[in-house]
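Notes follow once the structure below has been shown.
Just so it is clear, the model here is predicted, and its values are computed rather than measured.
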Amino acid sequence: MQQVDIFTQIIVPVIGGLGIFMLGLEFMSNGIQSLAVNKMRALLAKFAGTPAKGVVAGTFITGIIQSSTAMTVMVVGLVNAGVVGLRPAISVIMGANIGTTLGNGLIALPLGPLGLLFAGLFALLYIFAKTDKLKNIALACIGFSLIFYGLNLMTGGLKPLRNMPEIMAVISALTADTYVNLLYCVLIAAGVTAMIHSSSATIGIVMGLGAAGIIDWKTAVAFSLGADLGTTVTSWLASLNLSKNAKRAAYAHISFNIIGVMVTIPLFFVSMDVLTWVMQWFGGDPGTPVVVNGKETFPLVPVAIGLYSTFFNIFNVLLLYPFVGVFERLLMKVGASSLDDVEDYSVPRHLTAEAAGAPETAVPAILRENERYLEAAMKFLDIARGRDDAPDKVEEHHAQMDVLNREIRAYTSGLFKAEMPYERADLVASLIEEEDHTASLGQALYQIARRVERQPFGETGRPLVDRMLDQVADALRVVANPAEARRDNLSAEAAPRVAALNELRSEALRLNGSLPWVERGAILALLGSAERAYFLIERIDAERRSVSRVVPVEAPAPREVGGFDAAPVPA
């Protein structure tokens, strides 16, 4: 028997092949996501409105970006931001499980020896590419090629194990010939996938073992079943620091795969008979070896694994899709508390399709939504003050407000119509300008909250910060509570308020050694953000006064000057 050099014949090609395989997955995923992930996210937010659309969107988008992990993390993030509801998110995750099987099918293609050649060609294209688009395409193709080359290296490195009786004795104990052994195989594969955070990498390893004849093809298929179970860990980790609904979306992913595996395990040996029958259209019996250069190989094992993984996920979706509503109701009880009643500012409350039908209903809806935005902006001051009822995470609150502002502006822009009267166009334009100033105000307050949160203040600096926060809160009443501001004779004029900030600035500078320089610098930066907020408040108030926000319910009779039935907007 020929002596096997373990290091050069096994360790080097297996570890190198696995690394190249996973690097290929990373390159392909990064390249495709750089090209399409923003469009895919927008499509997902737009089309995932119902469970049926969610399954289709999840399948299609995951099939394109080739990463169920990235897809699941994207869904969890959209749920966290309030862009996608829990029910459609559950169905999107179902579709993602189907979409990722396309990658498993591609991995099964017998392109291994050509992988390095194509990787080199596309690497040259990447180096000499002049545009980001071309570079991303080349990067995706490099990754695609490296997947096959890495799998080919692993398969070659694993073949010598067949000549090592002690190794084969251990591996032969992992034969999925009984239900107990099947369960062992599934749990081992799940554990490996949980550690490396890639079901595709686990399936690639299993394909290599099966193609090399180290494990029989049915055992290889059993390992692929465990990979689907282990991949749920990534979505759980992605949701740890997010909202309850985001956690629930991750729990949905975990629940689907666990239930699917539990249902599939009792049917495993029956499904193997079905798969053997199906394989006659894909080349024949996966357990029949093919001799290449005097060595046995099993090229149909990766094909069998790819087919089984695809059918498993489709079966799982068909089985569980009717129970999407049940899953939603059960998941809503997970971690339910009074905190669930906290306002979600990422979801517009007043911008309905019905209100958009006429200016007399659309404009009041926009004004009420702007009030909500300012209400949300004032929460930044609560965060800076450390109040118990303030939002927990400043970044998350900022993301919600950004979504809301974009929704308001898009809704307002939709009021522009061809041949609309000039007075009405002037109002819509003024609303858009006000919304832009309001967004800038929200950004200034976000900067205040973030700086206060990041910089602890001592007994000397904290009173100065609190006085500044009180002054900003008082100024915000002018635009956030106009009726209250008029009652208290509050002015939007920035100059007197800036003068008060200058007094705080002088006081901070005079404190010298009693105020650490780090705190002094942070206070000066805070005063700068407060000053910007004052000028924006003044500008918002002026914009509101420039054009009346009152829209007549019925258009008045034509008149020569003014009114909403004046001449159309001049070209």
Side-chain angles (χ1 to χ4, degrees), residues 370-371 373-391 394 397-398 401 405 433-546:
N370 274 332
E371 289 175 6
Y373 183 89
L374 288 167
E375 175 187 298
M378 295 182 73
K379 295 287 184 183
F380 284 127
L381 300 182
D382 293 339
I383 294 173
R385 288 167 168 153
R387 290 186 175 175
D388 294 336
D389 58 348
V394 65
H397 187 63
H398 177 252
M401 289 180 57
N405 182 258
E433 290 179 38
E434 178 188 337
E435 289 155 11
D436 184 59
H437 298 318
T438 304
S440 298
L441 175 59
Q443 189 67 24
L445 297 176
Y446 163 64
Q447 292 294 339
I448 289 174
R450 191 171 64 166
R451 285 195 176 100
V452 173
E453 193 176 62
R454 290 179 176 178
Q455 174 60 56
F457 292 94
E459 295 181 358
T460 304
R462 187 68 213 193
L464 294 177
V465 173
D466 288 337
R467 282 164 56 191
M468 182 273 297
L469 293 174
D470 290 341
Q471 291 178 17
V472 174
D474 188 63
L476 277 171
R477 292 164 58 201
V478 175
V479 289
N481 300 296
E484 182 182 301
R486 284 193 296 271
R487 184 197 66 199
D488 296 339
N489 294 319
L490 292 179
S491 170
E493 189 178 355
R497 300 184 188 280
V498 172
L501 289 180
N502 287 333
E503 292 179 10
L504 284 175
R505 179 179 181 275
S506 299
E507 188 173 341
L509 294 176
R510 283 194 298 267
L511 287 172
N512 293 323
S514 61
L515 182 64
W517 65 268
V518 175
E519 292 186 28
R520 182 184 289 112
I523 289 173
L524 294 176
L526 287 170
L527 296 177
S529 295
E531 184 175 339
R532 284 192 294 276
Y534 292 157
F535 284 114
L536 286 165
I537 290 169
E538 184 179 64
R539 188 68 188 88
I540 292 169
D541 183 70
E543 190 62 53
R544 290 178 177 177
R545 296 174 185 274
S546 66

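- For the salt bridge (charged side-chain N to carboxylate O under 4.0 Å, His left out) test, no residue two or more places apart in sequence or in another chain qualifies with R450.
- Residues meeting the side chain to side chain contact (heavy atoms under 4.5 Å, CB included) test with E538, sequence neighbours left out: E493, A494, F535.
- For S440, the side chain to side chain contact (heavy atoms under 4.5 Å, CB included) partners two or more places apart in sequence, or in a different chain, are L536.
- Here the CG-CD distance, from D466 to Q471, works out to 11.5 Å after rounding to the nearest 0.5 Å.
- Listed by chain and number, the residues in a ring-ring contact (aromatic ring centres under 6.0 Å, His included) with Y446 are F380, H398 (sequence neighbours excluded).
- Atom CD in E434 sits 9.0 Å away from atom OG in S546 (nearest 0.5 Å).
- Legend: residues meeting side chain to side chain contact (heavy atoms under 4.5 Å, CB included) with D488, ordered by chain and number and at least two apart, are R477, E484, L490.
- Applying the salt bridge (Lys or Arg N to Asp or Glu O under 4.0 Å) test to every pair with at least one member in residues 381-390, sequence neighbours left out, gives these pairs: D382-R387, R385-D470.
- In this structure, the separation between CG on L526 and CG on L469 is 7.5 Å, given to the nearest 0.5 Å.
- Closest of all the heavy-atom pairs between G458 and P463 is O-CD, 4.3 Å.
- Nearest heavy-atom pair, T460 versus S514, reported as atom, atom and distance to 0.1 Å: OG1-O, 3.4 Å.
- Across all their heavy atoms, A530 and V472 have their closest contact at CB-CG2, 3.7 Å.
- Minimum interatomic distance between H397 and P391 (heavy atoms only, all atoms of both residues): ND1-CG, 3.7 Å.
- Atom CD1 of I383 and atom CD1 of I448 lie 12.0 Å apart (nearest 0.5 Å).
- With sequence neighbours excluded, the residues that form a side chain to side chain donor-acceptor pair (under 3.5 Å) with N405 are R409.
- Judged as a salt bridge (Lys or Arg N to Asp or Glu O under 4.0 Å), the pairs with a partner in residues 499-518 (not counting sequence neighbours) are, in order, R467-E507.
- To the nearest 0.5 angstrom, L374 atom CG is 6.0 Å from I540 atom CD1.
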Between L464 and F457, does a side chain to side chain contact (heavy atoms under 4.5 Å, CB included) hold up when you go through it step by step?
CA-CA 10 Å; L464 294 177; F457 292 94; over 6 Å; no

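- For the side chain to side chain donor-acceptor pair (under 3.5 Å) test, residues two or more places apart in sequence or in another chain that qualify with E435 are T412.
- In this structure a side-chain-to-backbone donor-acceptor pair under 3.5 Å is present from R544 to V479.
- Across all non-hydrogen atoms, the minimal contact from V452 to A384 is CG1-O, 3.3 Å.
- Heavy-atom minimum distance, A377 versus L445: O-CD1, 3.6 Å.
- Annotation: side chain to side chain contact (heavy atoms under 4.5 Å, CB included) contacts of E433 (sequence neighbours excluded): R539, E543.
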Could you give me the CA-CA distance, side-chain angles and deciding distance for D474 and R497, then say whether side chain to side chain contact (heavy atoms under 4.5 Å, CB included) is met?
CA-CA 10 Å; D474 188 63; R497 300 184 188 280; 3.4 Å; yes

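- With rounding to the nearest 0.5 angstrom, the CZ atom of R486 is 10.5 Å from the CG atom of N481.
- No side-chain heavy atom of V465 sits less than 4.5 Å from a side-chain heavy atom of E519.
- In this structure Q455 satisfies the side chain to side chain donor-acceptor pair (under 3.5 Å) test with no other residue, sequence neighbours excluded.
- For CZ of R545, the number of neighbouring non-hydrogen atoms (other residues, nucleotides, ligands) closer than 6.0 Å is 12 at most.
- When the side chain to side chain donor-acceptor pair (under 3.5 Å) test is applied to H437, no partner is found at least two apart in sequence or on another chain.
- Proximity of L441 to L476: side-chain heavy atoms (C-beta onward) are separated by under 4.5 Å at one or more points.
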